[in-house]
2 protein chains.
Amino acid sequence: MKYEAAKLKDISKALGLSISTISRALNDSYEISEKTKKKVREYAREINYRPNPVAVSLRDKRSRSIGVIIAEIANSFFSQMINGVDSVAHNRGYNVIITQTHESYHRELSNLNFLASSSVDGCLISVSTETENFDHIIHLHEKGLPFVCFDRIVEGIKTHKVSFDNFRGAYEATNELLKNRYKRIAMLGNASHLSITQERLEGYKNALEDAGILFDQSMVRYCLHGGMIYDEVKKAVDELMHLRKKPDALFTASDKLTTNIIRYCNNRKIRIPEKLGLIGFSNLDIADLLTPSISVIRQPAFEMGRSAAELLIKLIESKHPPVDFENKVFPPEMLIRQSSGL
Amino acid sequence: MKYEAAKLKDISKALGLSISTISRALNDSYEISEKTKKKVREYAREINYRPNPVAVSLRDKRSRSIGVIIAEIANSFFSQMINGVDSVAHNRGYNVIITQTHESYHRELSNLNFLASSSVDGCLISVSTETENFDHIIHLHEKGLPFVCFDRIVEGIKTHKVSFDNFRGAYEATNELLKNRYKRIAMLGNASHLSITQERLEGYKNALEDAGILFDQSMVRYCLHGGMIYDEVKKAVDELMHLRKKPDALFTASDKLTTNIIRYCNNRKIRIPEKLGLIGFSNLDIADLLTPSISVIRQPAFEMGRSAAELLIKLIESKHPPVDFENKVFPPEMLIRQSSGL
DNA sequence: ATAATTTACGTAAACGTTTTCGTAAATTGT
DNA sequence: ACAATTTACGAAAACGTTTACGTAAATTAT
């Protein structure tokens with residue numbers, strides 16, 4: 001026994017009216033008498049009729065669903081962001097289809113094709129760390145599929161963007177360490193070609209510069225997988241720690257990097273903040289429970305998700321392509337705790 | 001300019017063949033000559049044709065999508081579980097639509113209606129803490145919508161279930177505390193009517209009993225929101241801590257309860273494990289990084305997700321309703337660390 | 001050589017909606 | 001009283017597939 005929902009035909013037969021009359025009655029058309037409307041509405045409610053969204057999608061050439069492409073659900077930044085997306089999408093009657101790249105370009109490609117062929121009305125995308133070429137996205141965008149980029153920004157695409165003030169976050173974080181008299185501050189970044197990595201690097205550089213400290217390329221290391229793979233992080237920090245002049249503080253430029261550095265220091269018995277000052281990007285809501293509590297740059301992920309979803313839906317529902325595009329930049333929330341100095 | 005995907009008609013016109021011939025060629029029908037098939041396939045590939053899934057859904061009366069109802073995405077257990085669901089669903093060509101209840105019965109109801117009317121082929125559900133009546137689920141299930149229950153089990157529904165050995169997890173956790181010579185072990189549980197809460201309570205009780213300790217009702221407290229709301233947790237622990245004979249150890253029966261207890265102890269400067277032994281359910285992957293490191297009962301969330309998805313898809317794709325139903329019970333992974341005693 | 005069968009394709013219906021167009025019946029206007 | 005208009009509805013097409021059915025042409029069988 002397959003699940004069968006009520007349809008217009010059922011109401012039509014039951015009331016001896018045509019299908020089109022039923023449809024119009026339920027859509028409150030002026031062409032239908034109040035008496036008929038009432039009768040139809042009552043019966044529809046009785047059998048719990050809901051328009052079949054698949055049929056409506058086919059007819060309207062829109063599915064009322066939006067696709068989301070992110071790296072990992074099991075990442076506090078993204079899961080909070082999805083919450084934001086979800087909250088506005090559901091309110092506006094849109095379905096959300098979430099796909100993960102796990103930081104793989106290949107999966108990003110296949111997810112994107114999947115979403116496009118699934119007739120989503122638009123797409124929210126934060127590219128994978130592996131993605132260096134944006135042709136797949138630009139191609140679909142040019143064919144008319146609405147996109148909103150968030151977090152990791154795609155170059156060369158004319159659309160709305162929701163991003164974060166990575167420069168300022170990194171600048172203030174570095175500055176916090178400087179203020180606490182750390183002298184040799186290293187930076188551990190995500191994949192070097194990502195927009196966010198470059199912006200964070202600039203913030204870090206500028207803070208050093210403003211403090212009169214010479215920028216030293218050897219104090220910067222990148223992790224292609226954004227900190228997901230512990231061994232990659234370990235290798236990078238090991239290198240830093242074996243420099244002739246090793247760092248006395250560390251700025252970590254992603255969520256997973258921050259937690260894996262803490263794991264590293266635990267393993268190596270490196271005391272934070274005495275031996276190594278630490279401040280990093282993180283949206284983990286228990287960063288304050290660690291010992292020492294971790295100073296973090298927090299991103300307003302939920303609000304960013306809301307904003308991205310709103311922009312996308314606006315794009316989808318507008319008749320004409322907008323003349324100019326918004327670039328919403330969210331400010332960092334600096335949560336200064338123990339790890340960045342006492 | 002709206003996004004327009006290639007369709008059969010485009011190929012049909014281009015090659016001067018009928019739409020049905022194109023369709024059959026692409027579906028490798030025996031009725032079409034190899035020569036034609038080749039020609040069609042090549043052109044289809046050239047224009048990147050993909051069948052419109054909405055049209056296919058309407059035709060086939062199935063959408064190749066499954067709905068998931070959980071409490072919170074931003075909860076490590078659920079996000080890991082979704083990863084598992086996602087991994088098998090995508091392999092089998094199914095879409096995953098995730099909805100959150102935020103532990104509200106009302107939202108569960110509306111999400112379920114939304115999914116059912118969205119023509120999902122089946123549903124994976126872990127009920128909200130507020131849900132005490134399962135009629136909405138049973139009703140849809142009786143109308144033929146396939147369900148698989150996981151984690152929090154629904155009573156009175158004849159279908160596959162994917163659960164966790166809550167009894168054993170609670171038993172072993174309590175036992176661990178007993179082994180370390182804690183005498184007055186309290187339990188902090190999720191909403192009392194949930195299946196998981198009752199099973200965990202039984203495990204806790206049995207461990208006490210086997211150790212010859214009298215079960216004391218006043219040592220058990222429940223949090224209706226499963227630990228989501230700090231004040232609710234605080235109130236419950238405050239009560240425990242103001243008992244004449246206050247507990248010397250605590251068993252927390254959910255993810256959020258465990259982290260919020262740690263927050264409570266931090267605030268109140270209660271030393272773990274000296275003043276209060278602690279062991280709890282948690283799937284956080286940084287429980288080992290806290291000081292002290294937290295002993296946890298870990299649930300194989302990813303595997304549970306995979307299993308649930310596999311069972312659901314099997315249900316969806318089987319012609320006849322299965323004669324008997326599986327009840328997969330996953331064993332706990334006990335990660336004993338410092339918080340439960342030295 | 002002619003009948004029977006197979007091959008290779010086209011036509012049309014169906015899935016459940018919405019909407020354009022058409023039209024009897026009822027109402028209004030003069 | 002008759003024309004003009006409005007009211008209230010039905011028939012049918014369209015969205016993009018898949019597939020049952022029909023059928024010329026090609027092949028095989030006798």
Side-chain angles (χ1 to χ4, degrees), chain A residues 2-41 43-44 47-65 93 95 116-121 144, chain B residues 2-41 43-44 47-65 93 95 116-121 144:
Chain A
K2 195 83 173 284
Y3 176 71
E4 295 272 351
K7 41 192 175 183
L8 290 181
K9 204 198 239 176
D10 301 333
I11 307 180
S12 161
K13 274 191 198 152
L15 303 184
L17 290 164
S18 79
I19 292 181
S20 54
T21 300
I22 308 298
S23 174
R24 274 187 278 240
L26 292 172
N27 288 316
D28 201 25
S29 161
Y30 70 99
E31 297 181 279
I32 305 298
S33 72
E34 277 308 322
K35 204 182 299 177
T36 307
K37 279 183 190 171
K38 184 155 175 264
K39 207 166 49 173
V40 171
R41 280 199 276 249
Y43 187 73
I47 64 169
N48 195 30
Y49 169 81
R50 318 233 170 184
N52 179 330
V54 174
V56 177
S57 288
L58 186 60
R59 171 97 222 310
D60 293 352
K61 290 190 151 205
R62 63 196 302 264
S63 60
R64 291 197 82 82
S65 69
N95 245 332
S117 79
S118 293
S119 345
V120 293
D121 294 337
Chain B
K2 196 84 174 284
Y3 175 71
E4 294 273 350
K7 41 192 173 180
L8 289 180
K9 204 197 238 176
D10 301 331
I11 308 180
S12 161
K13 272 191 198 150
L15 303 185
L17 289 163
S18 79
I19 292 181
S20 57
T21 300
I22 308 298
S23 173
R24 275 187 278 240
L26 293 171
N27 288 317
D28 200 26
S29 161
Y30 70 98
E31 296 182 280
I32 305 297
S33 72
E34 277 308 321
K35 204 183 297 176
T36 306
K37 279 183 189 172
K38 186 155 175 264
K39 208 166 48 173
V40 172
R41 280 198 277 248
Y43 187 74
I47 63 170
N48 195 29
Y49 168 82
R50 319 231 170 185
N52 179 328
V54 174
V56 176
S57 290
L58 186 60
R59 169 103 229 304
D60 294 351
K61 290 189 152 206
R62 63 197 303 263
S63 59
R64 291 198 80 83
S65 69
N95 245 332
S117 80
S118 292
S119 343
V120 292
D121 294 338

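So that the names make sense, note that chain A is the first sequence line, chain B the second, and so on, each numbered from 1. Just so you know, these numbers come straight off a predicted model, no measurement behind them.
- Whole-Å rounding puts the B/Arg62 CZ to D/dT18 C1' distance at 14 Å.
- The two residues A/Ile32 and A/Arg24 come nearest to each other via the heavy atoms CG1-CB, 3.7 Å.
- Per the geometry, CG belonging to A/Leu15 stands 14 Å off C1' belonging to D/dC9, to the nearest Å.
- Using a 4.0 Å heavy-atom distance criterion, A/Ser33 is classed as a sugar-phosphate-only contact.
- How far CG of B/Asp28 is from CZ of B/Arg41: 5.5 Å, rounded to the nearest 0.5 Å.
- For the pair B/Arg64 (side chain) and B/Gly93 (backbone), a donor-acceptor distance under 3.5 Å is present.
- Applying the salt bridge (charged side-chain N to carboxylate O under 4.0 Å, His left out) definition to pairs two or more places apart or across chains, none involves residues 7-16 of chain A.
- Along DNA chain D, the nucleotide closest to B/Glu31 and the one closest to B/Leu58 are compared, and the more 5′ of them pairs with B/Leu58.
- In summary, contact between chain A and DNA chain C, defined as any nucleotide atom under 4.0 Å from a heavy atom of the protein, begins and ends at C/dG16 to C/dC21 in the 5' to 3' direction.
- You'll find the side chain of B/Leu26 reaches within 4.5 Å of the side chain of B/Leu8, heavy atoms only.
- Take the nearest nucleotide of DNA chain C for A/Val56 and for B/Ser18: the residue whose nucleotide is more 5' is B/Ser18.
- Between the side chain of B/Asn52 and the backbone N or O of B/Val54 there is at least one donor-acceptor pair closer than 3.5 Å.
- At a threshold of 4.0 angstrom between heavy atoms, the contacts of A/Ser57 with the nucleic acid are absent.
- The phosphate of D/dC9 has OP1 or OP2 within less than 4.0 Å of a side-chain N or O from A/Thr36.
- With rounding to whole Å, A/Arg24 atom CZ is found 8 Å from D/dG10 atom C1'.
- No donor-acceptor pair under 3.5 Å is formed between the side chain of A/Ser119 and the backbone N or O of A/Ser63.
- Taking atom CD1 of A/Ile22 as the reference point, atom P of D/dC9 lies 10 Å away to the nearest angstrom.
- Taking for each of B/Ala55 and B/Glu34 the nucleotide of DNA chain C with the nearest heavy atom, the 5'-most of the two is the partner of B/Glu34.
- Within 4.0 Å (heavy atoms only), A/Ser23 reaches at least one base atom of the nucleic acid.
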